[in-house]
Amino acid sequence: NMEEKLDRIAQGKADYLTLVRSVNAGLERELSSFKAANTQKCPDCGTALRHLVKSGPDGYNFWACTDRENCGAKFQDDKGKPGQKRKPPQLSEHKCTVCGKPLRHIVREGPGGYDFWGCSGRECRAAYKDDGGKPGRLNVQKEKQPASEFKCKSCKSPLCRRQGKSQKTGKDYDFFACSSKKCGKTYQSKDGRPDF
C-alpha cells in the first residue's frame with residue numbers, strides 16, 4: 001500500500017505531506033496501543049514503572065516507580081518483570097549532621113558493592129563513610145552547601161555554590177546550582193558570583 005502511494009507521489013498524483021501525516025497518525029496509534037499494553041504499573045500507586053539496568057561490576061537491575069516524589073517504590077527484577085518490592089534501608093538512631101534527619105546504613109555485597117550511611121532526607125543527600133558499623137566522616141562531595149543570596153534565573157529559587165575537586169578528573173570546579181531539584185539549572189562562578 002505504501003509503495004503504491006509513493007509511486008503516486010512520484011507521478012504527481014498524490015501529495016507528499018498528506019501521505020506522511022496519514023502514515024504518522026497510524027504509527028502514533030500503534031505505538032500508543034503498544035505502550036499501554038506493555039507498560040508495567042506500580043502496585044503501590046498505579047504510576048508507570050521504569051526498568052533500570054546497568055551491566056558491569058557496579059551494575060544493577062531493578063524497577064522504580066516514576067513518581068519519585070510521592071511514591072518512590074522499587075522492585076527487584078524477576079525475569080524482565082517487576083518482582084518483590086525492595087525494602088528501603090531502615091532508619092538508624094544516628095542523625096545527619098547537615099539537616100538532623102535519621103541516617104540509613106546502605107550496604108550492597110559483591111563486586112561493585114558499597115557500604116555507607118546516607119541521610120533519609122530527600123533534599124539533603126548527605127553521605128558518610130562507614131566506620132566500623134557507624135557513620136564516620138562526612139563525604140564532602142555530598143555535603144549540602146548553604147543557599148547564597150543569588151536567585152535562579154529560571155525558577156527564582158536560591159542558588160547554592162559548589163566548590164571542590166572532581167574525584168574522577170582531579171580538576172577544580174566552582175559553580176552555582178539551583179536548590180530546586182525540579183529545576184536543576186547550574187551557572188559557572190565568575191568572581192564569586194553566578195555568571196548569568
Side-chain angles (χ1 to χ4, degrees), residues 35 39-40 42 44-45 47-75 77 82 86 88-89 91-92 94-108 111-131 135-196:
K35 188 175 177 185
T39 299
Q40 299 288 342
C42 176
D44 289 5
C45 71
T47 308
L49 289 175
R50 217 172 126 204
H51 192 188
L52 301 166
V53 182
K54 180 183 174 187
S55 57
D58 60 339
Y60 46 79
N61 185 1
F62 67 96
W63 294 77
C65 180
T66 52
D67 186 0
R68 291 179 61 195
E69 202 67 32
N70 299 310
C71 180
K74 294 178 182 168
F75 303 87
D77 181 66
R86 291 168 78 182
L91 299 179
S92 73
H94 303 288
K95 302 287 183 197
C96 176
T97 59
V98 176
C99 72
K101 291 188 176 168
L103 295 177
R104 294 178 170 151
H105 191 190
I106 303 167
V107 180
R108 179 179 167 191
Y114 40 78
D115 186 356
F116 69 97
W117 294 77
C119 182
S120 60
R122 285 183 185 256
E123 296 294 320
C124 182
R125 296 180 147 186
Y128 302 79
K129 294 187 180 291
D130 181 64
D131 186 11
R137 186 172 57 82
L138 176 66
N139 184 347
V140 179
Q141 295 282 334
K142 305 264 183 184
E143 187 173 359
K144 188 174 183 181
Q145 305 271 333
S148 69
E149 71 272 19
F150 304 109
K151 303 283 185 196
C152 177
K153 287 287 184 190
S154 291
C155 71
K156 308 299 181 217
S157 296
L159 294 176
C160 299
R161 191 171 183 185
R162 305 277 192 245
Q163 294 176 286
K165 189 179 284 264
S166 169
Q167 290 181 339
K168 286 186 179 178
T169 65
K171 293 181 180 177
D172 292 330
Y173 60 82
D174 184 5
F175 65 95
F176 286 84
C178 182
S179 58
S180 167
K181 278 175 76 176
K182 288 183 180 178
C183 176
K185 290 270 188 192
T186 60
Y187 306 90
Q188 287 301 316
S189 178
K190 187 175 183 181
D191 301 324
R193 301 174 65 84
D195 187 12
F196 296 117

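Applying the side-chain contact (heavy atoms from CB on, under 4.5 Å) test to Tyr128 and every residue at least two apart in sequence or in another chain returns Cys96, Thr97, Val98, Leu103, Trp117, Ala126, Pro135, Leu138. Under the side-chain contact (heavy atoms from CB on, under 4.5 Å) criterion, Thr47 pairs with Cys45, Cys65, Thr66, Asp67, not counting sequence neighbours. Residues forming a side-chain contact (heavy atoms from CB on, under 4.5 Å) with Ser180 (at least two apart in sequence, or on another chain): Cys155, Ser157, Cys178, Lys182, Cys183.
Between the NZ atom in Lys129 and the CZ atom in Arg137 there is a gap of 5.0 Å [rounded to 0.5 Å]. Taking CD of Glu149 as the start and CZ of Arg161 as the end, the distance is 10.0 Å to the nearest 0.5 Å. Rounding to the nearest 0.5 angstrom, the gap separating the CG atom in Leu91 from the NZ atom in Lys101 is 11.0 Å. To the nearest 0.5 Å, atoms NE2 (His51) and CH2 (Trp63) are separated by 5.0 Å. A distance of 13.5 Å separates CG of Asp174 from NZ of Lys190, quoted to the nearest 0.5 Å. Taken from CZ in Phe175 to CG in Asp195, the straight-line distance is 14.0 Å, to the nearest 0.5 Å.
Nearest heavy-atom pair, His105 versus Asp115, reported as atom, atom and distance to 0.1 Å: NE2-OD1, 2.6 Å. Cys160 approaches Arg162 most closely through the heavy-atom pair CB-NH1, 3.5 Å. Nearest heavy atom pair, residue Phe116 against residue Ala127, reads CD1-CB, 4.2 Å. When every heavy atom of Phe176 is checked against every heavy atom of Gly192, the shortest pair comes out as CZ-O, 3.5 Å. Taking all atoms of both residues into account, the shortest heavy-atom contact from Tyr187 to Cys152 is OH-SG, 3.3 Å. Nearest heavy-atom pair, Asp131 versus Gly136, reported as atom, atom and distance to 0.1 Å: CB-CA, 3.7 Å.
At least one side-chain heavy atom of Lys95 sits less than 4.5 Å from a side-chain heavy atom of Pro102. Contact annotation: the side chain of Pro158 approaches that of Lys151 to within less than 4.5 Å [non-hydrogen atoms, C-beta and beyond].
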